[in-house]
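Sequence lines set the chain letters: A, B, ... in the order given, protein chains first and strands last, and positions in each chain run from 1. Keep in mind it's a predicted model, so treat the numbers as computed, not measured.
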Amino acid sequence: MSITDTKPQLEGAKTVTVNIFRYDPATTDKPHYDSWQVPIIGSMTVLDLLFHLLEHEDGSLAFRYACREAICGSCALYVNGSYRLACKTQLKDLKAPEINISPLPHLKVIKDLVVDMDPFWEKYERIKPYLITRDEPPEKEFLQDPAARLKMDDMVDCILCGACYSGCPTVWTDPDYLGPAALVKMNRFTVDTRDQGNKERTKLFDNEHGVWRCHTIFNCVEACPKDINQTYSIQHLKRRAVARRFGGK
Amino acid sequence: MSVRDQGQPAWLVGPGGAIAWLLQRLSGFILVLLLGTHLLLLHYGGDQQLVFASVTIRLKTVLFIIIDTGLLASGLYHGLNGLRNVVLDWDISRRAAAVLTTVLWIVGIFMTIYGATALYSFWAGRGVFGG
Ligand code: HEM
Ligand code: SF4
Ligand code: FES
């Protein structure tokens, strides 16, 4: 039985044309788009659509996913000209007769919709994305009052999907630029009242591949599926770097 | 190698441009004020014609000299540091960045002095070039 034999019979179901970026560096094929007609079933998401294609059209289609509920950050894609999480985007919300799906732009394609995220993770590691403490740890937990917690409210929502990183023009030209997500995480620890790593963190962002490469283009803010304001975080780090030059903490 | 034990990594080009960033903002702010004043006074204000006599009078007025010197210095700093920002976006080497910064400072200082000689030519009734 071929995989198409199990195709759901959806007589009369509304369909949509889907164009998907295909590329397999292991073959000599050039990158191209494959098109299919796909039935829109209920509140189908872009991820459901990809599964539909995988099951019924082409078992070799490569894409990433894990949680299916907008929390793991694996499924970020470029859909109809916008950065979106495949699992969080319903087809009907796209309100378009055709759907174009590409991998995150400006990153190396491994296969089809799967890109190489290594540079993203490498920079994330650079900024020491963990709590740094010097004092003896407290008996129980580290206490933090609600007002202090509120200051990092938007930054802790980051799911490390890489959309902002892929959309940042400085990342495109400077391969060493830390990028928005890593800098948001940096700011998250900088404003964290429990963290004592300010001194070693500062030299990691106050350098020519750090915050000074940000020109407040706001592409990251536009790309973020979690509505995080990366530019605000980066500007906050810039002000902090200047304050430190004048003896601030 | 874990991140915890890494030494000074090659990408860490710094210390960074905190002061340059601050000065870019400050010169931008000064430019808003001075460009505004400059345009109002010279292009929209009064019925002054651009003739030798009026220019001579202007360049003998303390306020004009202050405004124009400020405009010259802040415009040059802002434009040249802006250029430096643009070039640094191309991940050039630490050495090239240092050479660029030095060259731009030399160009900036030279052009400030050169511009100032023109501004101060009628100051105290005589030109800097003796004219
Ligand atoms: C109304 C006056 C002006 C204001 C308020 C202003 C403001 C700014 C600011 C805030 C930046 C920093 C952008 C960043 O964060 O990277 C900037 C960059 C820059 N400015 Fe201006 N500017 C003014 C006039 C000028 C003029 C007259 C020139 C040309 C001489 C100029 C050339 C540049 C350049 C080349 C950059 C670098 C571009 C970049 O870093 O993205 N600006 N300006
Ligand atoms: S800041 Fe937003 S776009 Fe960037 S990695 Fe985090 S969730 Fe994704
Ligand atoms: S599959 Fe986890 S965020 Fe979409």
Least distance between heavy atoms, B:Ile19 atom then A:Arg245 atom: CG1-NH1, 4.0 Å

Contact summary for B:Asp91 and A:Asp176, nearest pair of heavy atoms: OD1-OD2, 3.8 Å

Between CH2 on residue B:Trp90 and CZ on residue A:Arg213, distance to nearest 0.5 Å: 11.0 Å

Distance (rounded to the nearest 0.5 Å) between A:Glu208 CD and B:Arg84 CZ: 5.0 Å

Please indicate whether [X] has more than 12 foreign heavy atoms, meaning atoms of other residues, nucleotides or ligands, lying under 6.0 Å from its [atom1].
X: A:Gln144; atom1: CD; result: yes
X: A:Tyr232; atom1: OH; result: no
X: B:Arg95; atom1: CZ; result: no
X: A:Ile71; atom1: CD1; result: no
X: A:Trp121; atom1: CH2; result: yes

Side-chain heavy-atom pair A:His215, B:Asp89 within 4.5 angstrom cut-off: yes

Heavy-atom proximity to chain B below 4.5 Å, by part of A:Phe246: side chain

